[in-house]
Amino acid sequence: MRILVTGGAGFIGSHLCDRLLSEGHTVIAMDNLITGSTDNIAHLAGNRRFLFVEHDVTNYIYVEGHVDAVLHFASPASPVDYLNYPIQTLKVGALGTHKALGLAKAKNARFLLASTSEVYGDPLIHPQPEEYWGNVNPVGPRGVYDEAKRFAEAMTMAYHRYHGLETRIVRIFNTYGPRMRINDGRVVPNFIFQALHGQPLTIYGQGEQTRSFCYVSDLVEGALRLLNSDENDPTNIGNPTEMTILEFATLVNEITGNAGGIVFKPLPEDDPKQRKPDISKARALLDWEPTVALREGLVATIADYRRRLKLD
Ligand code: UDP
């Protein structure tokens, strides 16, 4: 197949490109590089089945020739990034999704939207099943991302219902792994960077809030199984192993042997108190579940950070 990956130079996007190329597909990666980086795809230079196009997908997307699938993964995805780029975040979720859907329709291609657990906001139901409509503050600092992705889901369903487009929606829960931008501000890069420099890990609030971390190869596997299924409604892909941020910090300090300890910082506004995917649907429909344990995934991620930080 010939596949367009928007956000193809990003963290998840670049892993998707690798996986698709390894399966023999031809991949066009598109990215405006505001949070993505060509470092993530530098190893693909010279691959004749790979093409990188620097383009902001909030503008008209032109692709020559046939396209079999459009995987729309372009967006800032870290709370720090979407606070720095609030309007770009809203635009890529809204206008970018519209352009990507328009291209899929013109090419009669299958469409996959990268959505997010943020559509559930600060959830009042735990764990979160797909049927839950969420608890989102539209005008809070995270609203730019949450509402953009909620709009993107609505737009995707409209193209499916009105135009009969073959669409898929994956709701991605906290994903981590090699290539996550070191300064993207999320908890995994922050803690690993701090631990590798002997610094205290910055815990926001009391660290009682929970997250459930999924290794990137598990996420990619789940997303592609969904793409190849015939399910149009949103599907959660994430790892249901839940822990508090304090427990997570303790684990990072233990694995890295960091003696820097922890330090408490103010909790950002609207920070979700708990998050854990209900993956019953993905299990039943896609026969999918995560296979990489957190410790194993962290060891691989830390090794990648050591390389990039030139600590080896
Ligand atoms: N967090 C933290 N220290 C950091 C960065 C994040 O305690 O240095 C917390 C953050 O407040 C949140 C959780 O870790 O409760 C996960 O944050 P992240 O930015 O990774 O993404 P989120 O899941 O909130 O979208």
Side-chain angles (χ1 to χ4, degrees), residues 10-12 35 73 75-86 89 93 114-123 126-128 134-137 140-150 152 170-216 219 236-253 256 258 260-277 294 297-298 301-302 305:
F11 161 51
I12 296 179
T35 60
F73 278 68
S75 177
S78 136
V80 171
D81 284 344
Y82 49 76
L83 286 180
N84 286 332
Y85 301 108
T89 301
S115 186
T116 169
S117 55
E118 281 285 325
V119 300
Y120 302 121
D122 189 2
H126 195 74
Q128 293 79 54
N135 176 40
V136 170
N137 175 3
R142 302 173 84 105
V144 297
Y145 185 63
D146 304 8
E147 294 298 358
K149 290 293 189 182
R150 288 168 71 97
V170 56
R171 288 189 180 149
I172 299 171
F173 284 66
N174 292 68
T175 301
Y176 72 100
R179 297 187 197 151
M180 258 186 128
R181 218 176 72 240
I182 290 168
N183 65 350
D184 93 352
R186 281 185 278 191
V187 69
V188 175
N190 275 9
F191 282 6
I192 294 179
F193 180 92
Q194 291 157 353
L196 292 178
H197 290 86
Q199 298 168 0
L201 308 193
T202 52
I203 293 184
Y204 299 163
Q206 295 306 303
E208 286 162 0
Q209 69 273 38
T210 68
R211 293 295 184 273
S212 312
F213 298 100
C214 183
Y215 192 64
V216 64
L219 184 278
N236 291 338
I237 296 288
N239 190 319
T241 307
E242 181 188 19
M243 59 172 54
T244 67
I245 292 301
L246 187 57
E247 288 167 337
F248 182 62
T250 307
L251 180 64
V252 172
N253 274 341
T256 54
N258 179 32
I262 55 173
V263 64
F264 294 98
K265 300 273 186 184
L267 188 66
E269 196 181 332
D270 292 342
D271 198 283
K273 286 180 270 311
Q274 50 182 0
R275 186 184 286 156
K276 170 183 174 170
L294 182 58
L298 275 177
T301 308
I302 291 164
Y305 272 58

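When a residue number appears, it is its place in the shown sequence, counting from 1. In listed order, ligands and their atoms are each counted from 1. Given the structure is predicted, the values throughout are model-derived calculations rather than measurements.
The closest approach between a heavy atom of F191 and any atom of ligand 1 is below 4.0 Å. Between R142 and ligand 1 there is a heavy-atom distance shorter than 4.0 Å. Remark: distances from the non-hydrogen atoms of E118 to ligand 1 include one below 4.0 Å. The shortest separation from a heavy atom of P79 to ligand 1 is under 4.0 Å, placing the residue in contact.
If you look at F193 and Y305, their ring centroids are not closer than 6.0 Å.
For the residue pair E118 and V136, the shortest heavy atom distance occurs at O-CG2, 3.8 Å.
Within ligand 1, counting atoms from 1 as listed, the ones closer than 4.0 Å to a heavy atom of I203 are 7 (O). Heavy-atom proximity to N190, at under 4.0 Å, picks out these atoms of ligand 1: 4 (C), 5 (C), 8 (O). Those atoms of ligand 1 that come under 4.0 Å of a heavy atom in R186, given as number and element, are 18 (P), 19 (O), 20 (O).
Formation of a donor-acceptor pair under 3.5 Å by the E242 side chain with backbone atoms of T210 is not found in this model. Checking side-chain atoms of R150 against main-chain N and O of V119 turns up a donor-acceptor pair under 3.5 Å. Remark: the backbone N or O of T202 is paired with a side-chain donor or acceptor of Q194 at under 3.5 angstrom. The main-chain N or O of P189 is never found under 3.5 Å from a side-chain atom of D184 such that the two would form a donor-acceptor pair.
Annotation: atom 16 (C) of ligand 1 to nearest protein heavy atom, R211 NE, 3.6 Å. The nearest heavy-atom contact from the protein to atom 13 (C) of ligand 1 is I245 CD1, 3.6 Å. Regarding atom 1 (N) of ligand 1, its nearest protein heavy-atom neighbour is Y204 CD1, 3.3 Å. Taking atom 3 (N) of ligand 1 as the reference point, the nearest protein heavy-atom neighbour is T202 O, 2.5 Å. With hydrogens left out, the protein atom closest to atom 18 (P) of ligand 1 is V187 N, 3.8 Å, a heavy atom. Scanning all protein heavy atoms for the shortest distance to atom 10 (C) of ligand 1 gives D271 OD2, 3.3 Å.
Of the heavy atoms in N174, only side-chain atoms (C-beta onward) come closer than 4.0 Å to ligand 1. By the criterion of a heavy-atom distance under 4.0 Å, the side chain of Q209, and not its backbone, is placed next to ligand 1.
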For side-chain contact (heavy atoms from CB on, under 4.5 Å), just list the numbers for Y120 and N135, CA-CA rounded to whole Å, side-chain angles, deciding distance to a tenth of an Å, and then say yes or no. CA-CA 6 Å; Y120 302 121; N135 176 40; over 6 Å; no
Pair N239-F173, side-chain contact (heavy atoms from CB on, under 4.5 Å): steps then yes or no: CA-CA 8 Å; N239 190 319; F173 284 66; over 6 Å; no
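Taking the six-membered ring where the residue is Trp, F213 and Y176 present perpendicular rings, their angle passing 60° and hence far from 30°.
Checking only distances, Q194 never comes within under 3.5 Å of ligand 1, N or O to N or O.
Among R142, R181, R186, the one residue that satisfies the salt bridge (charged side-chain N to carboxylate O under 4.0 Å, His left out) test with D81 is R181.
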